[in-house]
Amino acid sequence: MTAPDRAANRPVPRPGILEIAPYIPGRSKSTGGAKLHKLSSNETPLGPSPRALEAYRATTSLERYPDGSSADLRAAIARVHGLNADRIICGNGSDELLELVARAYIGPGDEAIYSEYGFLVYKIAILAAGGTPVVAPEKDHTTDVDAILARVTDRTKVVFLANPNNPTGTYIPFDEVKRLQAGLPPQVLLVLDAAYAEYVRRNDYEAGVELAATAENVVMTRTFSKIYGLAALRLGWIYGPEHVIDALNRIRGPFNVNSAAMAAGIAAVEDRGFVEDAVRHNETWLPRVTEEIEALGLKVTPSVGNFVLIHFPEGGGKTAADADAYLSARGCVLRQVGAYGLPNALRMSIGTEEANRDVVAVLKDFLAT
Ligand SMILES: *Cc1c(COP(=O)(O)O)cnc(C)c1O
């Protein structure tokens, strides 16, 4: 059979599906020996709270379906964050919730906007829903509210904003978020993805709790994958107006969060001391890593998250790809970000003291070769 014949005789995905570039996760293996510092997916180096681990291990009755409404977990989140539990949905990672938003609000002919270096899951979710991604250019690797507003048309359904953004680590102040919301038509849904909110130590920053609580067109997503150290269990949540929560609840999987994740999530969100320790670790190491890498002569985008974007010289002999190979062979696994249009950069998650020191030392050797 010729290729067209074969295609005619088997199921074919909807138009556009096969044009989606799959998301490439951070590598979890080095090319070197036994040592491995996995600094490729922004997981905390401290692991989960011991209480979360204990709750995970104590999960029993695996033959039973989980509570499909995640009621206890929603109650715990609501208590800690001062929210209305009825306006929370928990998800199998916040990625699931971002996709639900896209599926519920975007269809063929619709547009959705994200910024130039915005989290790649947005583009995939928009395309998978049949929508058209619209990219707003950034200034200094930072979201530009005016550029987003300038791209709104009567086909725009959703604006996705990671604040702080991954992979850049930059953020926009809450005033700017409010200006963005105020400038959007009321029918456009603004998604504030606050995956790194806990790490941000800036007086002018807010995750968006207040806006998602009061505006009819704003939702906020959060994750247990980063500061809570539960990436393997897949757990996130979304907070927003009743009508959006209602729409998303109609299309989500009825048992989208598993029992072990719920148990661990409750213990994790209640262990505020552990979160504070993780913040403190980051507060110590984020500036140190930034300064030490800059001292090697590389440019680092100022980050408020738990990772840094390291830029290698344009057109120089020392490329990001070469650095990645060199680091990986020595047990340091960082993240290439070519898929974000940043071929000359690597993203490094803040790790343990040992991992951070190793990366700086290996980078220094690499630059001296
Ligand atoms: C890591 C990350 C997420 C979290 O995804 P999960 O599915 O909850 O693991 C969401 N948004 C951004 C910007 C991220 O970097």
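Note that this is a predicted model, so its numbers are computed, not measured. Both ligands and their constituent atoms are indexed starting at 1 by order of listing.
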Novice: Under a 3.5 Å cutoff, is there a donor and acceptor pairing between the side chains of Thr369 and Lys318?
Specialist: yes
Novice: Atom 4 (C) of ligand 1: which protein heavy atom is closest, and how many Å away?
Specialist: Ser94 OG, 3.2 Å
Novice: Show me which atoms of ligand 1 lie under 4.0 Å from any heavy atom of Asn166.
Specialist: 13 (C), 14 (C), 15 (O)
Novice: Answer yes or no: does an N/O atom from Tyr122 fall short of 3.5 Å to an N/O atom of ligand 1?
Specialist: no
Novice: List the steps and the verdict of side chain to side chain contact (heavy atoms under 4.5 Å, CB included) for Thr143 and Asn163.
Specialist: CA-CA 9 Å; Thr143 299; Asn163 199 32; 5.9 Å; no
Novice: Closer than 4.0 Å to some heavy atom of Ser225 - which atoms of ligand 1 meet that?
Specialist: 6 (P), 8 (O), 9 (O)
Novice: Any ring pair (Phe, Tyr, Trp, His ring centres under 6.0 Å) involving residues 68-121? Give me the pairs, sequence neighbours left out, ordered by first then second residue.
Specialist: His81-Trp237, Tyr117-His141, Phe119-Tyr122
Novice: Quiz question: by atom type and distance under 3.5 Å, do the side chains of Arg347 and Asn166 form a donor-acceptor pair?
Specialist: yes
Novice: Got an N/O contact under 3.5 Å between Arg234 and ligand 1?
Specialist: yes
Novice: Are Glu292 and Lys364 within salt-bridge range, i.e. N to O under 4.0 Å?
Specialist: no
Novice: Counting each atom of ligand 1 from 1 as listed, which ones have a heavy atom of Ala195 under 4.0 Å away?
Specialist: 2 (C), 3 (C), 10 (C), 11 (N), 12 (C), 14 (C)
Novice: Among all protein non-hydrogen atoms, which one is nearest to atom 11 (N) of ligand 1, and what is the separation to 0.1 Å?
Specialist: Asp193 OD2, 2.6 Å
Novice: Minimum heavy-atom separation for Asn344 to Ala320, with atom names?
Specialist: C-CB, 3.6 Å
Novice: Phe255: which residues meet the ring pair (Phe, Tyr, Trp, His ring centres under 6.0 Å) condition with it, sequence neighbours left out?
Specialist: Tyr65
Novice: Going by heavy atoms, is Gly93 under 4.0 Å from ligand 1?
Specialist: yes
Novice: I'd like the name of whichever of Phe119, Tyr196, Phe160 reaches closest to atom 15 (O) of ligand 1 through any heavy atom.
Specialist: Tyr196
Novice: Any nitrogen or oxygen of Asn42 lying under 3.5 Å from a nitrogen or oxygen in ligand 1? Just yes or no.
Specialist: no
Novice: Closer than 4.0 Å to some heavy atom of Lys226 - which atoms of ligand 1 meet that?
Specialist: 1 (C), 2 (C), 3 (C), 4 (C), 14 (C), 15 (O)
Novice: Output yes when Arg330 and Asp365 qualify as a salt bridge under the 4.0 Å nitrogen-oxygen rule, no when they do not.
Specialist: no
Novice: Using a plain distance cutoff, I'd like to know if Glu96 has any nitrogen or oxygen under 3.5 Å from a nitrogen or oxygen of ligand 1.
Specialist: no
Novice: Ignoring hydrogens and angles, state whether a donor on the side chain of Asn42 or Tyr196 is under 3.5 Å from an acceptor on the partner side chain.
Specialist: yes
Novice: Look at atom 5 (O) of ligand 1 and find which of Asn306, Asp95, Leu161 reaches it with the closest heavy atom.
Specialist: Asp95
